[in-house]
Amino acid sequence: MDESDISFFKDGLRLDGRRADQLRPIKIEVGVLARADGSCYIEMGGNKVIAAVYGPREVHPRHLQEITRAIVRYRYNMASFSVEERKRPGPDRRSHELSKVSREALEPVILTSFFPRSVIDVFVEVLQADAGTRTAGINAAAVALADAGIPMKSMISSCAAGKVEDTIVLDPMKEEDNFGQADLPIAMTPNGDITLMQMDGNLTPDEFHGAVEMAMKGARDIYELQRKALVDKYSKMVEKTGQEEVHACD
Ligand code: UDP
């Protein structure tokens with residue numbers, strides 16, 4: 001099957017009923033894992049991804065230590081059951097690439113110089129995949145880093161734009177990603193500093209600019225949801241602590 005076998009639009013809407021510039025529904029939960037220092041569960045459309053952050057903690061093996069800063073490790077893993085055709089368990093070329101680019105997307109905002117000789121470990125587990133798992137993973141990891149109390153210059157938010165039937169679309173789902181004409185994931189700070197940009201397929205210069213603009217708008221909307229998820233969790237905690245203090249005074 002190739003692109004010509006699929007019709008990506010019906011009555012001007014995409015296969016899942018979205019407009020071209022619309023994100024899939026997003027759900028973000030903070031602090032879902034008891035044993036991690038920080039964690040986040042995210043759903044972006046059909047993607048279900050969990051991120052766990054450990055550290056800053058001592059580096060093992062020790063020869064990896066950096067005397068002026070913490071090192072950041074990021075492991076992206078796709079569960080065998082996360083995709084239609086069972087994925088062979090364990091690391092492969094794709095997961096190595098995604099781990100590297102995702103780490104590089106987050107590292108610029110982490111204040112690693114605060115924690116010399118230590119490591120910050122980020123684990124991202126894809127439980128269900130529907131295209132855009134790297135962007136979902138980065139969004140979850142950024143929230144999990146904040147939840148772990150890791151000092152950061154800013155949040156990082158990530159979103160892709162794609163091209164199907166010569167139309168630029170936001171946040172491509174699997175059919176659009178696998179059989180479309182282009183895919184362009186980005187990650188950025190709320191100020192619009194881009195820390196990840198990848199592209200496959202073909203875009204004209206105008207389409208490229210349009211796709212970047214659309215992905216940046218998507219990332220800005222995702223930032224608001226990340227922020228809200230963190231504020232919700234911590235305001236509830238503050239409320240609870242306040243109530244406990246009141247009871248203690250009773
Ligand atoms: N995919 C799959 N099996 C694999 C790798 C990917 O079924 O071994 C699917 C999965 O739905 C994934 C999508 O193809 O989300 C797009 O994969 P890509 O490598 O473009 O990364 P992603 O868009 O998930 O960041």
Side-chain angles (χ1 to χ4, degrees), residues 28 30-31 33 36-42 44 47 49-78 91-126 132-160 183-200 212 215-216 218-220 222-227 229-230:
I28 303 177
V30 186
L33 300 174
D37 293 314
S39 58
C40 175
Y41 170 72
I42 192 166
M44 286 179 73
N47 295 299
V49 177
I50 204 152
V53 167
Y54 296 83
R57 60 184 179 180
E58 206 178 325
V59 187
H60 290 289
R62 285 184 146 217
H63 69 84
L64 295 177
Q65 276 187 1
E66 290 285 343
I67 54 167
T68 56
R69 61 175 179 89
I71 61 164
V72 179
R73 292 189 293 216
Y74 189 111
R75 195 195 70 179
Y76 165 101
N77 182 54
M78 194 172 229
D92 53 19
R93 247 184 76 163
R94 179 176 172 277
S95 66
H96 273 122
E97 179 211 320
L98 297 200
S99 299
K100 177 180 183 289
V101 297
S102 302
R103 173 176 57 73
E104 288 171 352
L106 292 164
E107 221 170 5
V109 299
I110 302 174
L111 295 166
T112 53
S113 60
F114 284 21
F115 307 106
R117 296 180 190 281
S118 55
V119 59
I120 296 161
D121 277 309
V122 184
F123 297 93
V124 166
E125 297 289 328
V126 177
T133 58
R134 83 195 64 195
T135 56
I138 292 168
N139 291 328
V143 171
L145 283 163
D147 183 43
I150 307 284
M152 292 154 81
K153 288 183 222 165
S154 72
M155 187 43 58
I156 290 288
S157 312
S158 182
C159 190
D183 182 31
L184 190 150
I186 65 150
M188 67 174 210
T189 66
N191 294 340
D193 291 335
I194 291 186
T195 60
L196 165 90
M197 182 177 283
Q198 295 183 288
M199 182 184 137
D200 57 43
V212 172
M216 288 178 79
R220 263 185 223 111
I222 291 168
Y223 167 67
E224 292 303 330
L225 300 174
Q226 290 171 302
R227 198 172 157 272
L230 283 161

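Residues take their numbers from the sequence shown, with the count starting at 1.
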Where do [X] and [Y] come nearest, in terms of heavy atoms and distance?
X: Pro56; Y: Ile120; answer: CA-CG1, 4.1 Å
X: Ile222; Y: Cys159; answer: CD1-CB, 3.9 Å
X: Glu97; Y: Arg134; answer: OE2-NH1, 3.8 Å
X: Pro108; Y: Lys153; answer: O-NZ, 3.2 Å
X: Leu196; Y: Ala105; answer: CB-CB, 3.8 Å

Which value, rounded to the nearest 0.5 Å, describes the distance between [X] atom [atom1] and [Y] atom [atom2]?
X: Tyr74; Y: Leu145; atom1: OH; atom2: CG; value: 9.0 Å
X: Ile50; Y: Leu33; atom1: CD1; atom2: CG; value: 4.5 Å
X: Asp121; Y: Arg57; atom1: CG; atom2: CZ; value: 4.5 Å
X: Tyr223; Y: Asn139; atom1: OH; atom2: CG; value: 13.0 Å
X: Glu104; Y: Glu107; atom1: CD; atom2: CD; value: 7.5 Å
X: His96; Y: Tyr76; atom1: NE2; atom2: OH; value: 13.0 Å

Q: Would you indicate whether Arg73, at its atom CZ, is surrounded by more than 12 heavy atoms from other residues, nucleotides or ligands within a distance under 6.0 Å?
A: yes
Between [Y] and [X], is there a side-chain heavy-atom distance shorter than 4.5 Å?
X: Ile28; Y: Cys40; value: yes
X: Met188; Y: Met216; value: yes
X: Ser39; Y: Asp147; value: yes
X: Pro116; Y: Ile67; value: no

Distance-only, no hydrogens or angles: does the [X] side chain make a donor-acceptor pair with backbone N or O of [Y] under 3.5 Å?
X: Asp183; Y: Asp200; answer: no
X: Ser99; Y: Arg75; answer: no
X: Ser95; Y: Pro91; answer: no
X: Ser158; Y: Ile186; answer: yes

**Q.** Criterion side chain to side chain contact (heavy atoms under 4.5 Å, CB included) on Met78 and Leu98, from CA distance to verdict
**A.** CA-CA 11 Å; Met78 194 172 229; Leu98 297 200; over 6 Å; no
Q) Taking Val59 as the fixed residue, which of Gln65, Arg117, Glu66 is the one that meets the side-chain contact (heavy atoms from CB on, under 4.5 Å) rule? A) Gln65
Q: Identify the residue among Asn47, Val49, Asn77 that makes a side-chain contact (heavy atoms from CB on, under 4.5 Å) with Val126.
A: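 That would be Val49; it is the only one of Asn47, Val49, Asn77 passing the side-chain contact (heavy atoms from CB on, under 4.5 Å) with Val126.
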